[in-house]
Every structure is written in structure tokens, then in C-alpha cells.
Amino acid sequence: MDPTRAIWIKDPLAIFADGAERGVVVKGGRIVELVAKGREPTTANPLTFDAGEHVVLPGLINTHHHLYQTLTRALPAALDRELFPWLQALYPVWARMTPESLELGVTVAMSELLLSGCTTTTDHHYVFPAGLEEAVDIEVAVANRLGMRVLLTRGSMNRSQRDGGLPPDSVVQDEDTILSDSELVVAKHHQRGADAMVQIALAPCSPFSVTTSLMRATAALAERLDVRLHTHLAETEDENRFCEQIHGCRPLDYLEQCGWLNARTWLAHGIFFNAAEMKRLGKARVSISHCACSNQILASGCCPVCEMEAAGVGIGLGVDGSASNDGSNLMQEVRAAFLLQRARYGVGKVSHKDALRWATKGSAACIGRPELGEIAVGKMADLALFKLDELRFSGHGDPIAALVLCGAHRADRVMVGGKWVVTDGAIPGLDIAGLIHRHGAAAKRMQAG
Ligand SMILES: [Zn+2]
């Protein structure tokens with residue numbers, strides 16, 4: 001296929017866009033034309049892809065994840081535990097991660113995401129045991145190999161049990177090491193511009209694993225380097241209590257004191273904000289990654305997305321770590337968010353289209369990429385195409401509603417920046433059976449200690 005030639009994705013079964021009934025034309029990595037009903041493309045001589053059996057969505061965007069956690073799914077010691085004891089069961093296992101096991105864990109998670117229709121993922125990597133200093137480099141190499149767009153974070157933890165924090169000493173680093181490596185990683189990998197394939201954000205893990213000094217210094221560094229900021233916040237009641245005990249205030253006050261309350265920041269979870277705090281978040285243009293599956297498995301609670309949106313807070317979706325989900329399937333996460341929020345707010349407030357909007361345009365805003373997440377002229381050509389030929393869809397009416405309501409979980413084709421990275425439900429060149437074998441063996445070694 002000639003990469004400079006325009007491609008007309010022609011006559012889709014359905015498309016999540018207005019005025020594109022006859023499809024879209026992509027060229028040079030972007031969407032250059034929407035073809036309305038009864039029209040022909042004006043772009044000269046495009047290649048044609050017949051999408052008559054496909055439902056076309058903007059590529060889904062995952063705004064919160066810990067890719068390495070595919071190595072510790074459904075770990076017996078962590079089953080049936082809430083966040084803090086769950087973390088305490090897992091930290092010692094994660095401390096045994098090696099460059100080889102991380103590479104396999106990231107490959108599995110990114111492949112799962114791509115096959116679910118996700119074109120851009122974030123990763124919150126904050127575990128840097130000795131020997132794993134090159135973690136971000138490893139992740140960049142995997143993303144490049146798979147052709148996935150990423151916003152990787154240089155995460156951090158520096159408050160261990162010794163200092164009243166939650167993680168053991170073996171998985172934390174000191175502030176100077178973290179800050180100098182953060183600067184290095186941004187200089188090495190962060191691309192600017194609408195077509196960026198790899199970006200870097202800074203991401204201290206959470207208020208209970210990072211010192212105030214590091215929180216402040218990270219915000220200042222992000223400002224100086226002009227990169228985004230991310231952390232977990234307001235995930236559990238335990239966290240509120242911890243924050244009040246240690247810092248004498250609620251998590252959002254603490255965030256503000258650390259210089260984080262600005263449009264550079266997106267937060268994972270955001271379950272326990274009160275009405276006044278939601279207003280402050282909206283005013284500061286902080287956005288929230290809603291992680292419906294993770295919140296249900298850990299019984300953390302439910303992000304109040306409708307109140308958040310009414311307060312002006314942007315909402316995106318995240319599959320969260322593969323040890324608290326335990327999957328990396330973003331299309332299934334759309335359904336989970338739809339079900340959870342509909343149960344909370346009722347039929348009139350939440351539709352399947354809202355859930356799809358959170359996973360696309362909403363997620364794009366979370367990660368500061370307005371050129372993604374929408375099928376419109378000038379946006380990047382990141383698309384997910386689903387077929388409805390499985391048993392689960394048989395008898396469907398509305399094809400877009402069917403994706404969410406009947407439980408779509410696997411894309412047939414995925415395009416990132418105008419290039420097909422998934423075809424016929426598979427990643428070209430990826431030996432899935434071999435990957436599962438090697439990843440499974442690495443996970444077993446890590447879990448056995
Ligand atoms: Zn998380």
C-alpha cells in the first residue's frame with residue numbers, strides 16, 4: 001500500500017460522526033474529508049477500502065493504565081482486597097520485575113488494547129526497582145514496534161514505609177534521581193505537534209507514596225518542560241483519612257498546595273470529591289480518568305461523572321492496571337462505564353453515546369490531544385472498525401448501540417495515523433501464541449519469587 005495515497009473508507013455500515021454516511025478519506029496521517037450521503041469524495045484518485053460490514057469509531061483512547069501489571073493478574077494474594085492491602089500484597093512481587101518481563105508485560109497490554117480498538121494509550125509506570133531504570137525506553141520501543149500512539153509517564157515513588165508511606169523501600173527512588181531522569185526521558189522521547197506518536201508526562205504515583213517536596217518539584221518541572229501531569233487522586237476513603245492525618249487537609253487541598261491545580265493535570269479515579277471540589281476542578285480545567293472496572297473490582301466507589309461534567313470537569317476512560325481490572329480491553333471498559341453510570345444516574349442521563357464520547361473526545365481532552373478522538377476534517381486518522389458478524393450481535397438494530405449493548409470486545413481493523421495496525425482482527429507480524437507462552441512464563445517466575 002502506498003502510504004502517500006489517500007484512502008477512502010467507503011460506505012460504512014455505521015459511523016460515529018455526523019455528515020460522513022459515505023465514509024471518510026484519510027491522507028498523510030489525517031482525516032482530509034468526510035463524505036456525506038449522496039456525495040462522492042472530492043479528493044483525487046483515492047484507494048478504496050470497502051467498509052460495508054464495519055462500524056467505524058474514532059480510535060479509543062485509554063487515559064489510565066499500568067501496563068506492567070499484566071504480569072500479576074488475578075494474583076491469589078491480592079484477591080478480595082481493597083486498595084491499600086491490595087497494594088501491599090503486590091509491591092514485593094512488582095519489585096522483582098526485570099527489563100525482560102516488563103517488555104513482555106507491556107507488549108501484552110498494548111496488544112490487548114490495540115485489538116480492542118484503542119489507538120492511543122497512556123501508561124502510568126512508577127515502579128523502578130534496581131535494574132529497571134530504562135523502563136520508559138523499553139515501553140517506547142514496544143509502542144514503536146506495534147505502531148501505537150502513546151503518552152507514557154515517568155512515574156515515581158519516594159515515600160516508602162521508612163517514611164510513613166505504603167510501598168517497601170525496594171521500589172522507591174530518591175527525589176534527585178527521579179527529577180533528573182524525568183528531564184532526561186522527556187528530552188529523549190517527548191514529541192511535540194499534532195502528529196506526535198510518543199509523548200511523556202510526569203506522574204508521581206499518589207499522595208501516599210510520594211513526598212510533598214517531590215509533588216511540588218514535579219509540578220514545577222512539568223511547567224518548565226511543558227509536559228502534562230498525572231496522579232491517582234480521591235480513589236478511596238482510606239486516602240482521605242491518610243491525607244487528613246499526614247497533611248491535615250483533604251486530597252484536593254493538598255494537590256492545590258503542591259501547585260497541581262491547573263489544566264496540565266489529569267487525575268485517575270476522582271471518586272471522593274465533594275460538590276465544591278468538583279467546581280474547583282472544573283474551574284482549573286483539571287480532567288478525570290474514570291476507571292469503571294477497577295473501581296468495581298476494588299470496591300473503591302463510583303466516580304460521579306454527571307456531576308463532574310455539570311461542574312465543567314472533562315471525563316475520559318481508563319482501563320487502569322491489569323491487576324485491578326484485570327483486563328486491558330478498552331471497548332469492554334466503555335460498556336462497563338456505561339452500565340455503572342446508567343445504574344447510578346438512570347436512563348435519561350447516560351446513553352451508549354455518552355460512554356463512547358468519554359472514551360474518545362473526552363479521553364483526548366484528558367491527555368491534551370484535541371487532534372485525536374473525533375472523526376472530523378483535520379483530526380488525526382486514528383480509527384477503530386468493528387464487524388457485527390459474531391453471535392453476540394445477531395439480530396441487532398442500531399449498529400453503534402449494538403457495539404456497547406451487545407458487548408463488542410474485538411476490533412476487526414485499527415488505523416493509527418493513517419496506517420493499519422490491526423487487520424482481520426490480528427496484529428500483523430505478532431505471534432500471539434508465542435507471546436502468551438513467554439509472558440506466562442515470566443509472570444510465573446515473578447509471582448514465585
Ligand atoms: Zn491506577
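In listed order, ligands and their atoms are each counted from 1. Here the structure is a predicted model, which means the values were calculated and not measured.
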* Does His232 put an N, O or S atom under 2.8 Å from the Zn ion (ligand 1)? -> yes

* Output, in order, the C-alpha distance, side-chain angles, deciding distance and verdict of salt bridge (Lys or Arg N to Asp or Glu O under 4.0 Å) for Glu183 and Arg224. => CA-CA 10 Å; Glu183 189 154 4; Arg224 178 158 69 78; 3.1 Å; yes

* Taking the side chain as C-beta and beyond, is there a heavy-atom pair between Leu202 and Val186 under 4.5 Å? -> yes

* **N, O or S atom of His124 closer to the Zn ion (ligand 1) than 2.8 Å** => no

* Between Asp253 and Arg280, is there a side-chain N and carboxylate O pair less than 4.0 Å apart? -> yes

* Proximal heteroatom of Asp320 relative to the Zn ion (ligand 1) (N/O/S) -> OD1

* Asked: When you check the gap from the basic side-chain N to the acidic O, do Asp354 and Arg342 get nearer than 4.0 Å?
  -> no

* Under 3.5 Å, is there a donor-acceptor pair linking the side chains of Asp320 and His64? -> yes

* Indicate if the distance from the Zn ion (ligand 1) to the nearest N, O or S atom of His66 falls below 2.8 Å. => yes

* Residue His64 atom name (nearest to the Zn ion (ligand 1); N/O/S) -> NE2

